[in-house]
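This report concerns only the one structure given below.
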Amino acid sequence: MNTANTTIYAPRRAALARHLGPQGIAILPTAPEQARNRDSDFLFRHDSYFYYLCGFTEPNAWLVITGDGQTTLFCQPKDLEREIWDGLRLGPEAALRQLGVNAAFSVAELDAKLPAMLDGRDAVWYPFATHKGLEARIDGWLGALRARVRYGTLCPQQQRDLCGVLDEMRLVKDAHEQAVMRRAGQISAGAHIRAMQRSGQMLRAGQEVREYHLDAELLHEFRRHGSQYPAYGSIVAAGANACVLHYRADAGLVRDGELVLIDAACELDGYASDITRTFPANGSFSGPQRTLYEVVLASQEAAVAATHAGARFTDPHDAAVKVLSQGMLDVGLLDKNKVGSLQDVIDKRAYFPFYMHRTGHWIGMDVHDCGAYTEPSEIGQVSTRQDALTGETIQDRPARILRPGMALTIEPGIYVRAAEGVPEQFHNIGIRIEDDAIVTDTGCELLTRDVPVTAAEIEALMR
Ligand code: GLY
Ligand code: MN
Ligand code: MN
């Protein structure tokens with residue numbers, strides 16, 4: 001048996017089983033394979049919940065866990081013909097030994113075995129609204145069980161969402177998860193360094209630089225350190241493209257004198273990292289670029305300082321907004337005579353044209369990881385307010401209280417599109433600075449700071 005099973009996965013399954021109740025049963029498939037076109041599939045990526053509970057990365061696999069802690073795996077059977085085409089399969093027999101599950105069968109036996117496994121259970125748990133077709137599949141098994149009630153079968157009375165339980169478990173990262181995330185952060189930081197340096201070198205050599213040249217550097221660095229894939233679609237945005245929040249690495253020209261915003265990071269062994277850096281293509285910030293960069297950096301520092309156990313998830317955002325808003329007033333992006341005081345800017349969300357996203361999200365197996373953003377212990381405390389910009393009525397619930405081991409990104413930015421009334425020197429500048437943090441008792445550990453973040457350090461690196 002591999003040691004990961006005994007030290008990592010079996011304890012998680014045991015913890016889950018305790019939530020199911022003695023007569024509960026949980027059913028969880030991995031992700032489906034996705035066709036790209038004709039005979040080509042997208043590269044397979046396991047389901048995160050599934051992987052969290054067994055570390056198994058093959059497609060076509062299911063876990064069934066019962067309240068007494070017994071785990072059954074259904075997986076692809078050994079098949080020499082298929083393995084010649086698609087690669088080695090672990091198969092049920094070896095899975096039993098290697099993964100330390102209590103029983104393992106071919107996935108072809110799922111429909112035959114599941115009705116009997118559901119018989120006599122009080123509740124069936126499965127992830128709601130995440131796996132297309134799963135409900136219908138479970139309906140089929142329950143139907144088969146119900147068809148035999150005259151013979152004494154007993155159908156579960158409850159269907160319950162498995163996500164909530166697993167989301168809470170996944171929200172706090174254990175030592176193993178933190179170690180993998182640390183390594184993912186280091187690899188991604190190295191990739192940003194490489195892209196920054198390459199941009200400066202190519203421009204100095206008089207070569208044409210396109211966004212895809214820098215993207216290629218990132219991918220090379222991810223893969224050469226064993227990352228399986230980027231954690232999300234890489235953003236490499238030169239010049240004005242940085243003001244398009246979901247821009248992707250494309251063929252845009254990287255021009256001398258402009259900034260490049262790169263939001264890219266790798267996934268390593270099932271865990272994401274997420275880094276953004278913004279740097280001058282040629283290695284030197286211009287005056288206006290530096291002015292805005294310093295505002296964003298100061299806002300990130302304020303957000304980092306607000307990230308610690310006991311703080312609310314929204315505290316880093318509020319801290320960043322305050323610094324960004326003051327900065328917008330100071331540099332003239334916002335006109336005091338029109339928008340009023342700092343407090344007015346915050347209350348009326350006058351900063352919104354230049355900062356329109358939140359300052360972070362949970363990160364873990366998924367780049368936008370699971371986990372409730374509201375505090376479970378205060379779930380009933382709802383207040384309503386009118387949104388200052390849209391007039392919409394918003395239901396506010398107390399934000400999540402941060403605890404050691406929770407992991408989140410800290411990613412403020414400023415995006416200035418060319419528009420009338422906006423100082424021309426700032427037109428088409430888009431800046432975001434993003435790092436990944438793990439909450440600690442006294443503050444937070446930044447996982448992605450192997451890549452420089454201050455303007456002076458970035459310039460030194462690119463020289
Ligand atoms: N790269 C996705 C994000 O920053 O949220
Ligand atoms: Mn992010
Ligand atoms: Mn990002």
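Heavy-atom basis, side chains included; hydrogens, waters and symmetry copies ignored. Start at 1 and go down the list; that is how both ligands and their atoms are numbered. Nothing here was measured: the structure is a model prediction, and the numbers come from that model.
If you check each of Glu411, His368, His357 against atom 4 (O) of ligand 1, the one with the closest non-hydrogen atom is Glu411.
Under a cutoff of 6.0 Å and an axis angle of 45°, Arg432 and Tyr415 do not form a cation-pi pair. The cationic atom of Arg45 (NZ for Lys, CZ for Arg) does not lie both less than 6.0 Å from the six-membered ring centre of Tyr229 and within 45° of the ring axis. Relative to the ring axis of Phe279, Arg277 does not place its NZ or CZ within 45° and under 6.0 Å from the centre.
Put simply, part of Asp263 is less than 4.0 Å from ligand 1, judged by heavy atoms.
Residues Val339 and Asp344 fail the side-chain proximity criterion, which asks for heavy atoms closer than 4.5 Å.
The environment of Glu168 atom CD is dense: over 12 non-hydrogen atoms of other residues, nucleotides or ligands sit within 6.0 angstrom. More than 12 heavy atoms of other residues, nucleotides or ligands sit less than 6.0 Å from atom CD of Gln386. Around atom CZ of Arg403, no more than 12 heavy atoms belonging to other residues, nucleotides or ligands sit under 6.0 Å away.
Within the listing of ligand 1, atoms 4 (O) sit less than 4.0 angstrom from a heavy atom of Glu434. Of all atoms in ligand 1, numbered sequentially from 1 with element shown, those under 4.0 Å from a heavy atom of His361 are 3 (C), 4 (O), 5 (O).
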- Task: With salt bridge (Lys or Arg N to Asp or Glu O under 4.0 Å) as the test, would you mind laying out the steps for Lys173 and Asp369 before giving the verdict?
- Result: CA-CA 11 Å; Lys173 276 68 183 172; Asp369 209 31; 3.0 Å; yes
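For the Mn ion (ligand 2), protein N/O/S neighbours under 2.8 Å (waters excluded) are Asp274 OD2, His361 NE2, Glu411 OE2, Glu434 OE2.
What sits closest to atom 3 (C) of ligand 1 on the protein, heavy atoms only, is Asp274 OD2, 3.3 Å.
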